[in-house]
Protein chains: 2
Amino acid sequence: MGRVSIKDIASKIGVSTATVSLVLNGKDKLGRVSEQLSKKIRETAKSMNYKPNGFAKALRSGRSETIGLVVADISNPFFAHLAFHIQEHADRYGYSVIITNTNESPKKMEKMVSILKYRQVDGFIIVPTENGSRCIEELHENKIPVVLLDRYFPEIPSDYVGVDNFHASMKATEHLLKLGCKKIALITYKTTLRHAQERRDGYVSALAGCDLYDSRLIKEVNHSTIVEDINRSVQELILGDNKIDGFFFTTNTISSIGLKKLKEMQINVPEDIKTVCFDKIESFDFSTIPFVQQPIPEMGKQAVDIVVDRIRNGNPSPVHIELKAELIV
Amino acid sequence: MGRVSIKDIASKIGVSTATVSLVLNGKDKLGRVSEQLSKKIRETAKSMNYKPNGFAKALRSGRSETIGLVVADISNPFFAHLAFHIQEHADRYGYSVIITNTNESPKKMEKMVSILKYRQVDGFIIVPTENGSRCIEELHENKIPVVLLDRYFPEIPSDYVGVDNFHASMKATEHLLKLGCKKIALITYKTTLRHAQERRDGYVSALAGCDLYDSRLIKEVNHSTIVEDINRSVQELILGDNKIDGFFFTTNTISSIGLKKLKEMQINVPEDIKTVCFDKIESFDFSTIPFVQQPIPEMGKQAVDIVVDRIRNGNPSPVHIELKAELIV
DNA sequence: AAATTTTGCTAAAACGATTAATTAATTTAT
DNA sequence: ATAAATTAATTAATCGTTTTAGCAAAATTT
């Protein structure tokens with residue numbers, strides 16, 4: 001016995017498929033189907049274990065009830081957690097989520113967006129890569145709902161959900177200052193992405209406030225050579241002339257590699273040097289290291305809320321949501 | 001300008017949609033379309049930026065070129081990494097992946113499978129939950145390709161990809177023995193899932209071999225109350241009469257919580273007590289703790305290979321693939 | 001009683017592709 | 001020159017649903 005279609009139900013009861021469809025979509029009031037028949041159809045559908053064919057539905061209606069999620073790397077815990085909450089929340093609206101990875105390559109991002117477009121997703125939630133703005137603009141031009149997440153492009157107005165990177169970084173840096181640090185190094189990505197710059201600006205602003213800013217303490221690392229870059233930077237900073245007494249790592253990946261290097265060099269945290277990280281690292285003894293905690297569940301929820309709203313009600317002026325990130329000590 | 005359909009191409013050149021479809025699907029030899037026209041159609045399609053409508057295709061052909069992935073929890077790094085590799089590999093076959101979470105609840109697993117069925121996925125890769133065998137059997141009855149991953153049900157024959165849990169655990173336990181441990185505790189899930197039992201059996205077997213097996217050193221924890229359970233177990237074991245000198249944690253989550261508790265109790269690893277974990281914990285100082293490393297990329301690859309093969313070539317006798325897991329010291 | 005409105009349902013055309021069956025034109029074989 | 005085979009395209013049905021327009025019968029209004 002193959003799949004049960006609307007036609008099977010219709011012919012079993014002896015009505016038209018139109019009537020069945022109307023009833024099963026709750027439009028029986030509008031279509032004026034009698035109470036009795038309505039009930040009978042619903043019961044028959046249930047007893048025959050009818051499941052609507054999503055493709056037929058999507059083809060006819062033009063909506064797939066699917067959201068495309070594009071992240072840098074689903075195996076990164078930050079994005080994995082985001083994905084988890086996005087899915088759980090989307091599920092409540094009846095939306096499924098297709099997750100894809102860019103691996104921080106704009107080329108791959110374009111490819112993934114194209115695949116998702118082919119899959120006719122109703123809307124996108126995207127953590128964009130550097131130089132990925134063209135791709136986003138194209139989606140805008142095609143009037144496809146997009147919510148940017150975690151990162152955004154200041155030059156193009158679009159819906160965005162993220163955290164207040166600037167103030168979070170400032171607070172993080174100030175925490176090190178309060179602990180007495182005078183020479184605080186920053187390790188961050190070499191990127192034009194705004195959220196990274198905001199994190200840097202927060203750090204700079206905190207230090208400039210008390211005349212401790214020194215540009216030589218900022219080290220930029222490349223995504224593609226991250227391990228070597230961080231190892232080298234940490235080594236230089238530690239062994240160099242500046243007597244570094246604090247580190248601010250601007251992402252979980254950077255933190256993880258940086259702390260590993262420190263451990264390797266037999267530098268104890270926080271005894272020998274203080275550190276603060278952006279994002280949590282899953283670690284059994286992380287308890288001693290303060291970190292900036294982004295409200296991941298809320299970020300996911302907001303992104304879903306917005307994209308679903310755009311899908312359903314069209315595109316008024318874009319919103320730019322900046323959530324507060326807490327410093328956990 | 002809306003989407004370009006096959007009809008648009010056809011009418012632009014002045015041919016039938018059938019011809020266009022034939023050419024665009026590489027069946028022009030079969031359908032005997034002239035070389036010239038063939039070329040012209042391909043060029044026009046490209047210039048008009050034609051993207052086939054997946055739903056129409058899926059509706060007509062009955063295949064969605066989508067794989068449904070059901071994992072316990074995508075925010076768990078082990079599953080996140082699996083998901084990553086599954087996606088990357090599926091992409092090479094032209095398949096998209098829809099990921100869903102069960103949160104270890106068989107009810108939710110059923111719901112997710114049902115959603116994915118409604119989405120007409122061509123095949124499933126499933127990390128099943130305890131008591132989830134009925135759901136898998138139903139898929140078998142409906143002749144929908146399923147590959148079980150990480151866990152399986154011995155009572156139902158189905159495709160499966162996992163690791164040799166028994167020997168991996170045995171090796172892990174033997175490592176502790178080699179380090180001189182005499183009282184090795186096991187912390188594992190209280191579950192009927194076979195893979196967990198295999199891990200326990202490996203541990204038991206290693207200890208029984210040298211007469212060190214003591215059932216009181218095995219502690220089972222519940223998924224829903226995992227933190228309290230582990231904390232209590234660790235505390236009991238450490239403070240109890242048995243002078244525990246080793247721990248074997250059977251999953252990454254258990255390891256993480258267990259190690260955190262040890263740290264809290266000021267027990268140093270590996271000075272005061274030796275430990276070995278199943279799965280890697282993302283941690284900057286994990287370097288000192290030996291762990292069983294599952295070949296995640298290979299597991300993902302195999303699972304995709306099998307499910308795609310089943311989709312394309314039907315269902316011969318199920319395969320049961322057990323990969324070797326390495327002990328990383 | 002005729003005209004109008006409401007009620008309850010159906011017919012049929014989409015949506016965008018695929019594909020078996022045909023047709024028409026040309027080439028080859030007899 | 002006629003029949004057979006090959007080549008090159010088209011027609012039309014189909015997948016399962018949604019939805020607009022329309023039709024008859026019943027109920028209501030005038």
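Worth knowing before you read on, the calculation uses all heavy atoms, side chains too, and leaves out hydrogens, waters and symmetry mates. Just so it is clear: chains get the letters A, B, ... in the order the sequence lines come, proteins before strands, and each one is counted from 1.
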Participant: Whether B:Tyr50 contacts C:dA17 is assessed here as follows: a side-chain N or O lying under 4.0 Å from the phosphate OP1 or OP2. Is that the case?
Facilitator: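 Answer is yes, contact under 4.0 Å.
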Participant: Specify the separation, in whole Å, of atom CZ of A:Arg32 and atom C1' of C:dT10.
Facilitator: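 So the two atoms are 13 Å apart, to the nearest Å.
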Participant: What nucleic acid atoms does B:Ser5 come within less than 4.0 Å of, heavy atoms only: base, sugar-phosphate, or nothing?
Facilitator: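 Result for B:Ser5 = sugar-phosphate.
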Participant: Are OP1 or OP2 of C:dA17 and a side-chain N or O of B:Lys7 less than 4.0 angstrom apart?
Facilitator: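 No.
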Participant: If you only use heavy atoms from C-beta on, which nucleotide in C:dT19, D:dT17, C:dC9 is closest to the side chain of A:Pro52?
Facilitator: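 Nearest to the side chain of A:Pro52 among the choices is D:dT17.
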Participant: Nearest 0.5 Å, please: how far is OG in A:Ser38 from CG in A:Leu22?
Facilitator: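 Going from the CG atom of A:Leu22 to the OG atom of A:Ser38 covers 9.0 Å.
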Participant: Does A:Gln120 form a side-chain contact (heavy atoms from CB on, under 4.5 Å) with A:Thr66? I'd like the steps, not just the answer.
Facilitator: CA-CA 8 Å; A:Gln120 237 91 22; A:Thr66 306; over 6 Å; no
Participant: Looking at A:Lys57, does any N or O in its side chain come under 4.0 Å of the phosphate oxygens OP1/OP2 on D:dT18?
Facilitator: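 Affirmative; the distance criterion is met.
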Participant: Could you state the CG-C1' distance from B:Asp8 to C:dC15, rounded to the nearest angstrom?
Facilitator: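 Atom CG in B:Asp8 sits about 13 Å away from atom C1' in C:dC15.
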Participant: Roughly, in whole Å, what's the span from CD in B:Gln120 to P in D:dC15?
Facilitator: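 Value for this atom pair: 14 Å.
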Participant: Rounded to whole Å, how long is the line connecting atom CD of B:Gln36 with atom P of D:dA8?
Facilitator: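 Result: 10 Å.
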Participant: For B:Ile6, report the nucleic acid contact type (base, sugar-phosphate, nothing); a contact means any heavy atom under 4.0 Å.
Facilitator: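 Answer is sugar-phosphate: B:Ile6 comes under 4.0 Å of backbone atoms only.
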Participant: Atom CD1 of B:Ile41 and atom C1' of D:dT10: how far apart are they, to the nearest Å?
Facilitator: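 Atom CD1 in B:Ile41 sits about 12 Å away from atom C1' in D:dT10.
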Participant: Could you tell me whether B:Glu155 atom CD has more than 12 heavy atoms of other residues or ligands within 6.0 Å of it?
Facilitator: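 Yes, because the 6.0 Å sphere around CD of B:Glu155 holds more than 12 heavy atoms from other groups.
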Participant: For A:Lys27 and D:dT17, give me the distance from atom NZ to atom P, rounded to whole Å.
Facilitator: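 Interatomic distance, NZ of A:Lys27 to P of D:dT17: 14 Å.
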Participant: Could you verify whether a donor N or O on one side chain and an acceptor N or O on the other, from A:His89 and A:Asp305, lie under 3.5 Å apart?
Facilitator: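 A:His89 vs A:Asp305: donor-acceptor pair found between side chains.
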Participant: Take atom OH of B:Tyr118 and atom P of D:dG16, then tell me their distance rounded to the nearest Å.
Facilitator: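 It is 15 Å, rounded to the nearest whole Å.
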Participant: B:Asn53 has a side chain; which of C:dG16, D:dT11, D:dG16 sits nearest to it?
Facilitator: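 Closest nucleotide to the B:Asn53 side chain: C:dG16.
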Participant: With a cut-off of less than 4.0 Å, is there a side-chain N or O of A:Ser61 near OP1 or OP2 of D:dT17?
Facilitator: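 Negative; the distance criterion is not met.
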Participant: Does A:Ile67 form a side-chain contact (heavy atoms from CB on, under 4.5 Å) with A:Val121? I'd like the steps, not just the answer.
Facilitator: CA-CA 5 Å; A:Ile67 294 169; A:Val121 300; 6.0 Å; no
Participant: Nearest of C:dA17, C:dC9, D:dT10 to any side-chain atom of B:Ser16?
Facilitator: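 Shortest atom-to-atom distance from the side chain points to D:dT10.
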Participant: I need the A:Ile9 CD1 to A:Leu24 CG distance, nearest 0.5 Å.
Facilitator: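 Here the interatomic distance stands at 5.5 Å.
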Participant: When you check the phosphate oxygens OP1 and OP2 of C:dT10, does a side-chain N or O of A:Thr19 lie under 4.0 Å from one of them?
Facilitator: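 Yes, because at least one side-chain N or O of A:Thr19 sits under 4.0 Å from OP1 or OP2 of C:dT10.
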Participant: At under 4.0 Å between heavy atoms, what does A:Ser21 touch on the DNA or RNA strands: base, sugar-phosphate, or nothing?
Facilitator: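 Base, at least one base atom sits under 4.0 Å.
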Participant: Atom CZ of A:Phe55 to atom P of C:dT18: distance rounded to whole Å?
Facilitator: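 Distance, rounded to whole Å: 14 Å.
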Participant: Of all the choices, D:dT18, C:dT10, D:dT19, which nucleotide is nearest to the side chain of A:Asn25 once you look at every atom?
Facilitator: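 For the A:Asn25 side chain, the nearest candidate turns out to be D:dT18.
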Participant: Among C:dA14, D:dC15, C:dA17, which nucleotide has an atom closest to any side-chain atom of A:Arg60?
Facilitator: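 The nucleotide sitting nearest to the side chain is C:dA14.
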Participant: Starting at the 5' end of DNA chain D, which residue's closest nucleotide do you reach first, B:Ala18 or A:Leu59?
Facilitator: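 Between the two, 5'-proximity favours B:Ala18.
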